[in-house]
Amino acid sequence: MADQNRAKPGTRRIWSSALGVVAALALAIGVNMLVERFAPRARLDLTAQKLYTLSDGTRSVLSGLQDQVTLRLFYSRKLGTAVPAFGAYAERVRAMLDEYVAVSGGKLRLEVLDPEPFSETEDRALAFGLQGVPVDQSGEQVYFGLVGANLLDDERNIPFFQPDRERFLEFDLTRLVYELSNPRRPVIGVMSPLPLNGDPRAMMMRQAAMGQPFAVMNSLRQFFTLRDVPMDAQVIENDIQVMILAHPQGLSEAAQYAVDQFVLRGGKLILLIDPHSEGQASRPGPGGRPPANTASSLERLTNAWGIEAPTDRVVLDLRGAWRVRANPQDRVQAVDYVAWFNAQGDSIAQGEVATAQLNQVTFASAGLLRRKDGARVEFTPLITSSPRSMEADAAKVRDNPNPTQLLADFRPDGQTRVLAARLRGEVGTAFPDGPPPPPQGAERPADFPAHRAKSEGAANIIVIHDADVLEDRFWVRVQDFFGQQVATPFSDNGALIANLVDTMAGGDALISLRSRGESLRPFEVVDDIRRDAEARFRQTERELTQRLEATEKRLRELRQGPQGGAERGQTNAVISAEQRAEIDSAREEILRTRQQLRAVQLDLRRDIEGLETRLRILNIAAVPVLLTILALVMGVLRARRRAAARH
């Protein structure tokens with residue numbers, strides 16, 4: 001009987017535990033049902049950059065829809081079965097599209113279709129321009145694309161969703177909806193000697209990659225109507241709202257006057273000048289060789305606007321410097337090239353709508369901007385260098401630059417330099433005496449506008465002292481995907497230009513999402529430690545080289561003797577005690593300096609490896625340790641409750 005009584009409490013505990021589990025399951029199911037019923041789209045985004053939260057720009061586009069837009073998602077389930085990564089991405093795309101439909105207030109309609117082989121649905125996918133991809137040896141095509149259409153039968157599509165572009169998913173979707181809801185596009189003028197729209201000569205020489213249009217131009221065409229403005233234009237047409245003037249090398253006075261009057265009439269200008277164009281230096285000129293002059297400026301206009309942009313100085317920055325191949329004779333194969341760097345973090349103005357969402361912008365041999373003393377124009381820096389920067393003579397990057405030497409000479413002064421700025425305010429003309437005469441052999445247009453001496457209201461100008469921000473190799477990788485050219489940005493240069501054009505054209509709905517979703521976060525602390533240590537290494541290496549050269553020179557002088565025996569073709573055959581002491585001293589100095597070099601390299605590896613070890617331990621052990629502590633705390637609390645219940 002006593003055994004039965006002792007068994008009852010144990011049985012009761014088992015039943016209590018079972019009932020507790022059932023109650024917990026019922027509570028979880030009930031909570032899920034309530035959430036699904038009353039808050040189906042509720043979610044908590046804990047990512048640092050809010051990757052899974054619709055931006056204000058997307059909500060603005062969706063809430064501003066006036067007419068019905070139909071989206072058709074073509075997704076082959078066989079693709080998700082064969083490649084699970086695509087299946088997971090398809091769920092992400094579908095969830096994002098459902099969110100778009102919910103926010104649109106009924107203006108968006110979504111259809112999901114499975115284009116099976118040889119079906120009418122597959123025929124529709126092909127007719128819409130979607131891309132079929134073989135998934136196995138059978139040759140059957142699978143599809144994963146989107147088609148949008150409005151009531152006017154305008155169509156836009158995304159031929160194939162790729163996981164590599166997941167960071168830009170919201171941008172791609174909103175762009176498609178935006179294009180369908182805004183059929184009239186702003187007109188953007190483009191004036192430049194650079195082959196922004198492709199180089200026909202490269203195509204004739206079978207250099208297809210160099211002959212393609214710049215990726216930034218393809219991006220702008222998705223939102224704007226681009227119009228080429230000739231370099232000898234005397235008048236800029238009135239329907240051009242924003243003008244991009246890139247690398248205005250050798251611009252005639254008549255063309256400069258046209259730009260001047262365009263700004264004074266209220267036109268918006270984005271000016272890109274350059275102390276050294278890396279893009280121009282890498283392309284053959286008409287004679288087959290790159291031009292000797294790679295600088296551009298517009299001093300007459302910039303002086304009238306109240307800013308200085310020296311063409312003989314470049315900005316070097318250690319923070320974000322690109323790693324490039326060193327000279328073959330160097331012991332280190334890669335080195336930080338401080339003339340090419342990524343402006344990031346506090347270098348990008350967070351208070352400006354065009355730059356607030358950017359992560360980094362790449363510059364190559366960039367110049368600096370300054371407001372002139374006494375200038376009345378509002379000068380707002382958009383992008384600056386870091387405090388770990390300095391100025392240098394532009395000649396050091398123009399003619400056979402030496403990355404190792406630049407790093408060895410690098411001495412940051414703690415100052416920041418303005419690389420891009422916004423100018424706003426009333427400005428006067430750079431041609432107070434009126435328009436210059438037309439170019440020789442040309443006549444002035446019949447509808448030549450009247451001369452303006454000052455701007456109508458506040459002029460709006462963006463100046464970037466580096467035209468290389470447009471070059472593909474500094475911000476985007478273009479790859480061939482089954483015959484389709486796919487551009488994957490690794491820097492935000494294209495987003496910067498598009499944001500600036502958007503802002504100047506008056507529409508900023510898309511700005512907040514152009515650079516969203518940057519999932520790759522660099523280890524900035526590790527990079528800073530490595531760069532600082534390498535800079536010390538290069539400086540010590542340079543001192544060693546100078547000491548070796550001085551020692552060798554001294555040894556030659558000792559061997560030649562005081563009478564200049566080398567001039568008579570004679571050398572001393574016997575080494576004196578003084579020479580021997582000098583040689584021994586030089587050898588000891590070389591050994592000491594090499595030991596210093598090894599110590600610097602050892603400290604470099606030790607700092608980086610130590611930091612990586614601490615981060616690895618933190619990442620691996622933090623969660624188990626926290627769970628263990630939580631379990632111990634819960635166990636102690638439970639034991640105390642049981643002890644209190646017994647008493």
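Values reported hereafter were calculated over all heavy atoms of this structure, with side chains retained and with hydrogens, waters and symmetry mates removed.
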Legend entry - Residue from Phe363, Phe341, Trp322, Phe490 passing ring pair (Phe, Tyr, Trp, His ring centres under 6.0 Å) with Phe474: Trp322
Inset, instruction - Let me know which of Phe144, Phe86, Tyr75, Phe74 forms a ring pair (Phe, Tyr, Trp, His ring centres under 6.0 Å) with Phe161. - result: Phe144
State, without any angle test, whether [X] and [Y] hold a side-chain donor-acceptor pair at a distance under 3.5 Å.
X	Y	result
Asn342	Thr362	yes
Glu170	Ser55	yes
Gln141	Gln131	no
His247	Ser192	no
Asp468	Trp340	no
Asp164	Thr488	no

Legend entry - Derivation and outcome, side-chain hydrogen bond (donor to acceptor under 3.5 Å, both in side chains), residues Arg72 and Asn157: CA-CA 9 Å; Arg72 297 181 177 90; Asn157 66 31; over 6 Å; no
Inset, instruction - Take Tyr89 and Glu166 through the side-chain hydrogen bond (donor to acceptor under 3.5 Å, both in side chains) test and state the conclusion after the steps. - result: CA-CA 8 Å; Tyr89 189 33; Glu166 184 174 4; 5.9 Å; no
Inset, instruction - Just jot down the salt bridge (Lys or Arg N to Asp or Glu O under 4.0 Å) partners of Arg371, sequence neighbours excluded, or say none. - result: none
Legend entry - Evaluation steps, side-chain hydrogen bond (donor to acceptor under 3.5 Å, both in side chains), between Thr121 and Glu116: CA-CA 7 Å; Thr121 307; Glu116 297 181 354; over 6 Å; no
Inset, instruction - Take Thr429 and Asp260 through the side-chain hydrogen bond (donor to acceptor under 3.5 Å, both in side chains) test and state the conclusion after the steps. - result: CA-CA 6 Å; Thr429 180; Asp260 173 89; 2.8 Å; yes
Legend entry - Arg444 NZ/CZ over Phe448 ring centroid, <6.0 Å and within 45° of normal: yes
Inset, instruction - Please identify each residue that fulfils side chain to side chain contact (heavy atoms under 4.5 Å, CB included) with Glu426, with sequence neighbours left out. - result: Ser455
Inset, instruction - Kindly indicate whether the side chain of Glu140, heavy atoms from C-beta on, has any atom under 4.5 Å from the side chain of Val135. - result: no
Legend entry - Min side-chain heavy-atom separation Val469-Leu272 under 4.5 Å: yes
Inset, instruction - Give a yes or no on whether a salt bridge exists between Arg165 and Asp172, defined as a side-chain N under 4.0 angstrom from a carboxylate O. - result: yes
Inset, instruction - Over 60° means perpendicular and under 30° means parallel, so classify the ring planes of Tyr257 and Phe431, tilted if in between. - result: perpendicular
Legend entry - Whether Asp472 side chain and Ala215 backbone form a donor-acceptor pair below 3.5 Å: yes
